[in-house]
There are 2 protein chains.
Amino acid sequence: MTGRKSYHHGNLHQELLEEATRMIGEQGVDGISMRALAERVGVSRTAAYHHFKDKNALLCAIAEQGFEKWQAHFAQQMHEQSGDMNGWLKAFVHAYLDLSWKYPEEYDLMFGRPVWKNGEPTESLRAASFACFQHYVDLIRSWQGKGKFSKDIDGLRLAQVSWSMLHGMSRLLNDGIYLDRNSIDAMSDSAVEMILAAAAV
Amino acid sequence: MTGRKSYHHGNLHQELLEEATRMIGEQGVDGISMRALAERVGVSRTAAYHHFKDKNALLCAIAEQGFEKWQAHFAQQMHEQSGDMNGWLKAFVHAYLDLSWKYPEEYDLMFGRPVWKNGEPTESLRAASFACFQHYVDLIRSWQGKGKFSKDIDGLRLAQVSWSMLHGMSRLLNDGIYLDRNSIDAMSDSAVEMILAAAAV
DNA sequence: CAAATTATCTTGACAGTGTCAAATTACCAT
DNA sequence: ATGGTAATTTGACACTGTCAAGATAATTTG
């Protein structure tokens, strides 16, 4: 009846990740508990602790997957619009806000406090998240190299500030502070213009 | 021995707010619990519930005070540098990041999820926080009126996007993602330049 | 001034939570 | 078959927020 074929679940690690991701999508990061998760998977309260040191470790693992998905997504998008920098930037900003809006709970986990401040992030999460950002930095620098972006401004700074802008918008939107969904397109455009204006060659 | 002169505390409401603010400064938003707070004030576990409907209501009240302090601070700073718009913007950006860095836990409470997403924010908190932002919008618009900012861009958009930038930077800094404290001055300058570039007349 | 009402605070209780220690069960290599 | 190890469970502890009911003080009313 239950999916368990044997005492040993056989695939608990993976199934925990999947079910937890599902729960986060449904009830948010705070709506997840080790006990409820265990019950949904059909296993005892503390079973998960043999696959993840902590609740934090579990959350880190999910966040890590999130970053990998994001990177894959943006890498593909970059591939499709490789030539046109102007168009790519617009698409990137739009996609960033769109994704963070469509999957607010996952975004919240990836960039949220529970993982980053309270429970120290896993080393592998650090790596995955940083790789995501590093790609962005490299891209900007390559455009500077090609003369499409001004070299007067440090590429890293531009990446930091522009990412901050997108992050801030996403958070304010998702949390319902100041910004509202209706003007999201107009704000996207303003954001793009702002980045371009700052990097005008 | 205890500060209580009588059965009725006499000033519980205020003292709860103060002690809670202190606790948040020390241990962060998540480090606060109704029970621990009650004990520190020297009162029983559930005494606070006669002054605040919820834990959420308490947090909202503290956040509200935070917004009022912020607004007062920026209003005074605005007063000191009333003439020079360029200088004010620089001072504003610097002060924003400085404050959110100095009081990360309070900032986290004011703009954080526990209040805005999970437990719905109090109506009065909504008002206080929005007033804070509205002042910023009005200021930008007045500069547009004086011809110091371009009128091509909508003042509200500019306010939204630039505030998002500051908010994003604050969060990334405080949570330890991507940005690091060492380059905060350089990032501040880049942020200012970016805003000015977008609003160049 | 006495009685009743109201505001304030306490005690008890319940359903949750994360997580550790020890016992239990199943698998795997010798 | 027999150890040994990996996986899972049960029990327990110290927390959490918050509700309901009782206890106490202040305040209003007669």
Side-chain angles (χ1 to χ4, degrees), chain A residues 1-17 19-20 23-24 26-63 109 112-115 117-122, chain B residues 1-17 19-20 23-24 26-63 109 112-115 117-122:
Chain A
M1 181 179 359
T2 151
R4 299 273 287 290
K5 320 162 188 174
S6 60
Y7 184 84
H8 280 197
H9 185 287
N11 203 17
L12 231 195
H13 188 98
Q14 185 58 26
E15 197 163 326
L16 282 171
L17 280 180
E19 190 65 31
M23 283 183 80
I24 287 175
E26 292 171 10
Q27 319 177 22
V29 181
D30 301 308
I32 198 178
S33 85
M34 295 299 268
R35 296 169 108 108
L37 169 63
E39 195 171 11
R40 280 177 63 145
V41 174
V43 94
S44 96
R45 295 152 253 155
T46 62
Y49 284 85
H50 296 88
H51 296 272
F52 300 95
K53 172 183 165 290
D54 252 346
K55 180 180 187 180
N56 180 240
L58 175 76
L59 294 181
C60 283
I62 300 174
L109 174 61
R113 272 219 145 192
V115 157
K117 195 78 182 195
N118 302 345
E120 285 295 283
T122 305
Chain B
M1 182 177 1
T2 152
R4 300 274 286 290
K5 319 163 189 173
S6 59
Y7 185 83
H8 281 196
H9 184 286
N11 201 19
L12 230 197
H13 188 97
Q14 186 58 26
E15 196 163 327
L16 281 171
L17 279 180
E19 190 65 31
M23 281 183 81
I24 287 175
E26 291 171 10
Q27 318 176 24
V29 182
D30 301 308
I32 199 178
S33 85
M34 296 298 269
R35 296 168 107 107
L37 169 62
E39 196 171 11
R40 281 177 62 147
V41 174
V43 94
S44 95
R45 292 150 255 156
T46 63
Y49 284 85
H50 296 88
H51 297 270
F52 301 95
K53 173 184 163 290
D54 253 345
K55 181 180 186 179
N56 180 241
L58 175 76
L59 294 181
C60 283
I62 301 175
L109 174 60
R113 272 218 145 192
V115 158
K117 194 80 182 195
N118 302 344
E120 284 295 284
T122 304

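Throughout, a chain's letter reflects where its sequence line sits, starting with A, and its residues are numbered from 1.
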>> By the side chain to side chain donor-acceptor pair (under 3.5 Å) test, which pairs, at least two apart or in different chains, include something from residues 52-63 of chain A?
In response: none

> Can we say A/Glu15 and A/Arg40 salt-bridge, meaning some charged N sits less than 4.0 Å from an Asp/Glu carboxylate O?
Replying inline: no

>> Using the side-chain contact (heavy atoms from CB on, under 4.5 Å) criterion, which residues pair with B/Glu120? Sequence neighbours excluded.
In response: B/Arg126

> Residues two or more places apart in sequence or in another chain: which of them pass side-chain contact (heavy atoms from CB on, under 4.5 Å) with B/Ala38?
Replying inline: B/Val43

Looking at residues at least two apart in the chain, or sitting in another chain, which of them share a side chain to side chain donor-acceptor pair (under 3.5 Å) with [X]?
X	result
A/Arg113	B/Glu105, B/Asp108, B/Asp175
A/Gln14	A/Glu18
B/Arg35	none

Using a cutoff of under 3.5 Å, can you pull out all pairs of nitrogen or oxygen atoms linking the protein to nucleotides 11-13 of chain D, with atom names and distances?
from: D/dG11; atom 1: N7; to: A/Arg45; atom 2: NH1; distance (Å): 3.2

> Between B/Ala47 and A/Asn56, who's closer to the 5' end of DNA chain C by nearest nucleotide?
Replying inline: B/Ala47

> In chain order, what residues pass the ring-ring contact (aromatic ring centres under 6.0 Å, His included) check against A/Phe52, with sequence neighbours excluded?
Replying inline: A/His13

Using atom [atom1] of [X] as one end and atom [atom2] of [N] as the other, report the distance to the nearest whole Å.
X	N	atom1	atom2	answer
B/Leu12	D/dA26	CG	C1'	15 Å
A/Asn11	D/dA7	CG	C1'	13 Å
A/Asp30	D/dG17	CG	P	14 Å
B/Tyr49	C/dC14	OH	C1'	13 Å
B/Phe52	D/dT18	CZ	C1'	16 Å

>> I'd like to know if B/His50 reaches the base of C/dT8 with its side chain such that a donor and an acceptor end up less than 3.5 angstrom apart.
In response: no

>> C/dT17, OP1 or OP2 - any side-chain N/O from A/Ser33 closer than 4.0 Å?
In response: yes

>> Please confirm whether the shortest side-chain N or O distance from A/His51 to OP1 or OP2 of D/dT8 is below 4.0 Å.
In response: yes

> Ignoring hydrogens and geometry, is there a side-chain-to-backbone donor-acceptor pair from B/Ser33 to B/Ala36 under 3.5 Å?
Replying inline: yes

>> Applying a 3.5 angstrom cut-off to the pairing atoms, does DNA chain D sit in any stems of at least three consecutive Watson-Crick or G-U pairs? List them by first number.
In response: C:1-30 with D:1-30

>> Among D/dT16, C/dT19, D/dT9, which nucleotide has an atom closest to any side-chain atom of B/Ala36?
In response: D/dT16

